[in-house]
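Here is the naming used below: chain letters follow the sequence lines, and residue numbers restart at 1 for every chain.
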Amino acid sequence: MSSFFKEVYEIVAQIPAGKVASYGQIAAMLGNPRAARTVGWAMSGAPSHLRLPCHRVVNKEGRLSPDPVFGGYEVQRADLEAEGIVFRTDGRIDMRKCRWHPD
DNA sequence: CGCGTGACGTCTC
DNA sequence: CGAGACGCCACGC
């Protein structure tokens, strides 16, 4: 397991329910604010047995990944709402209140 | 070591 | 405001 991927999984696993983090944000935590793409790539290869709350990982817009990846945008929205994530009328997450604030 | 790739981010048109 | 292009980084081959 590459160190970078491991770090990504660790961080994602630490995202509390009701909060979301952006790929760029996670990348910044790893010390590479430009590695947002790599973070997303790491998620794409995230072992399901880790049960990472990947639905809590969104892009800067508060938008989820392409529908097919999560099995449906609506599904993710439902899961996030169930955790307390607030969606705006335009379908975007209210990052102002839901963005994860690490120490 | 070089090339291709990807669930991103930011700029330009 | 929407779509497209480029840049970024790490991984696999």
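A heavy-atom distance below 4.0 Å to DNA chain C is reached by none of the residues of residues 73-82 of chain A.
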- line: Readout for nucleotides 8-13 of chain B: B = base within 4.0 Å of protein heavy atom, S = sugar-phosphate only, - = neither; 5' to 3' it is BSS---
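The CG-P distance, from A/L30 to C/dC8, rounds to 19 Å in whole Å. Straight-line distance from the CZ atom of A/F5 to the P atom of C/dC9: 16 Å, rounded to whole Å. Taking atom CH2 of A/W41 as the reference point, atom C1' of B/dA7 lies 13 Å away to the nearest angstrom. At whole-Å resolution of the value, CD1 in A/I93 and C1' in B/dA7 are 13 Å apart. Between A/Y9 atom OH and C/dA10 atom C1' there is a gap of 12 Å when expressed in whole angstrom units.
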- request: Starting from the C-alpha separation in whole Å, work towards a yes-or-no answer on side-chain contact (heavy atoms from CB on, under 4.5 Å) for A/F4 and A/V39.
  value: CA-CA 8 Å; A/F4 196 91; A/V39 174; 4.1 Å; yes
- prompt: Should A/R99 and A/S22 be marked as a side-chain contact (heavy atoms from CB on, under 4.5 Å) after you check the CA-CA gap, both sets of side-chain angles, and the distance that decides it?
  reply: CA-CA 8 Å; A/R99 198 148 104 83; A/S22 70; 4.2 Å; yes
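A donor-acceptor contact shorter than 3.5 Å is absent between the side chain of A/N32 and the backbone of A/R34. Panel note: side chain A/Q25, backbone A/W100; a donor-acceptor pair is recorded below 3.5 Å.
In this structure C/dC13 sits in a base pair with B/dG2, meeting the Watson-Crick or G-U test at under 3.5 Å.
Cluster membership for A/I11 and A/V20, using ILVMFWY side-chain heavy atoms within less than 4.5 angstrom, is not shared. Hydrophobic clustering (side-chain heavy atoms under 4.5 Å, transitive across Ile, Leu, Val, Met, Phe, Trp, Tyr) groups A/L30 together with A/F5.
Side-chain contact between A/L80 and A/L64 is present, with at least one heavy-atom pair separated by less than 4.5 Å.
At the phosphate of C/dC8, neither OP1 nor OP2 sits under 4.0 Å from any side-chain N or O atom of A/N32.
When all heavy atoms are compared, the tightest approach of A/P53 to A/I15 is CG-O, 4.5 Å.
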